[in-house]
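Below: the structure, in structure tokens.
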Amino acid sequence: MEILLVLGLIAIGLLLIFIEALFIPGSIWIGLIGCILSILGIIGAYQCYGNFIGTLTFAATSMAGIVTFYYGFKTKTWNKWALHSRIDSKATDSSYLHLLSVGSTGQTLSALRPMGSVDFGYLQAEVRAQNGYIEAGKMVFISKIEAGKIYVEAINTTV
């Protein structure tokens with residue numbers, strides 16, 4: 001039973017580290033939990049089976065981690081989940097700001113998270129959402145223009 005607990009902790013720990021590294025990078029909590037579980041598994045091997053088996057477990061866990069990362073990056077399995085879209089928009093040229101005024105309406109070309117592109121019919125501009133996020137294809141209006149930046153809000157079309 002102890003061997004299953006040791007192997008289970010190590011396996012779950014390595015899986016969490018792998019998930020954090022490839023699917024949700026930047027969120028250290030999943031990787032940290034994975035490291036803690038793997039370390040607990042290795043400590044359990046030392047306590048239950050002695051130094052020799054503990055050292056073998058440590059070496060095997062280290063090699064399994066290295067092989068997993070190498071395989072994951074070499075085969076590019078993470079490409080299935082990677083974001084492949086590009087942002088081709090450019091910052092709004094301030095010389096065109098005189099063409100826009102507060103209240104002008106347009107349609108979002110990209111999601112505003114919080115920045116993105118809006119087509120005002122006669123001008124495409126990079127804008128910032130005033131409140132939260134706005135999905136692509138939504139109608140927006142300019143709520144303010146301040147310091148060369150255009151702020152928009154979604155037009156609520158529900159009745």
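Source: prediction; values computed, not measured.
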Any donor and acceptor pair, going by atom type alone, linking the side chain of S104 with main-chain N or O of S101 inside 3.5 Å?
yes
Give a yes or no on whether the backbone of S117 and the side-chain of S110 come within a donor-acceptor separation of less than 3.5 Å.
yes
Please step through side-chain contact (heavy atoms from CB on, under 4.5 Å) for the pair L109 and Q124, ending with a clear verdict.
CA-CA 9 Å; L109 297 172; Q124 289 182 6; 3.6 Å; yes
Kindly compute the distance separating CD1 (I28) from SG (C35), expressed to the nearest 0.5 Å.
10.0 Å
Working to the nearest 0.5 Å, report the span between CD1 of I53 and CD of Q47.
15.0 Å
Contacts table for residues 135-143: side-chain donor-acceptor under 3.5 angstrom, sequence neighbours left out:
residue : atom : partner : partner atom : Å
E135    : OE1  : R113    : NH2          : 3.1
E135    : OE2  : R113    : NH2          : 3.2
S143    : OG   : Q130    : OE1          : 3.3
S143    : OG   : Y151    : O            : 3.2

Which pair of heavy atoms, one from V102 and one from K144, lies closest together, and at what distance?
CG2-CA, 3.9 Å
Is [Y] reachable from [X] through a run of hydrophobic residues whose side-chain heavy atoms are each under 4.5 Å from the next?
X    : Y    : answer
M63  : I17  : no
I66  : I19  : no
I150 : M115 : no
L15  : I39  : no
I43  : I10  : no

Go through the structure and list residues passing side chain to side chain contact (heavy atoms under 4.5 Å, CB included) with [X], not counting sequence neighbours.
X    : result
F52  : L56
L37  : L9, I12, L16, I33
L32  : W29, I36
N131 : E153

For residues L100 and F120, determine if any side-chain heavy atom of one lies less than 4.5 Å from a side-chain heavy atom of the other.
yes
Side chain to side chain donor-acceptor pair (under 3.5 Å): pairs with one or both residues in residues 55-67, sequence neighbours excluded
Y46-T55
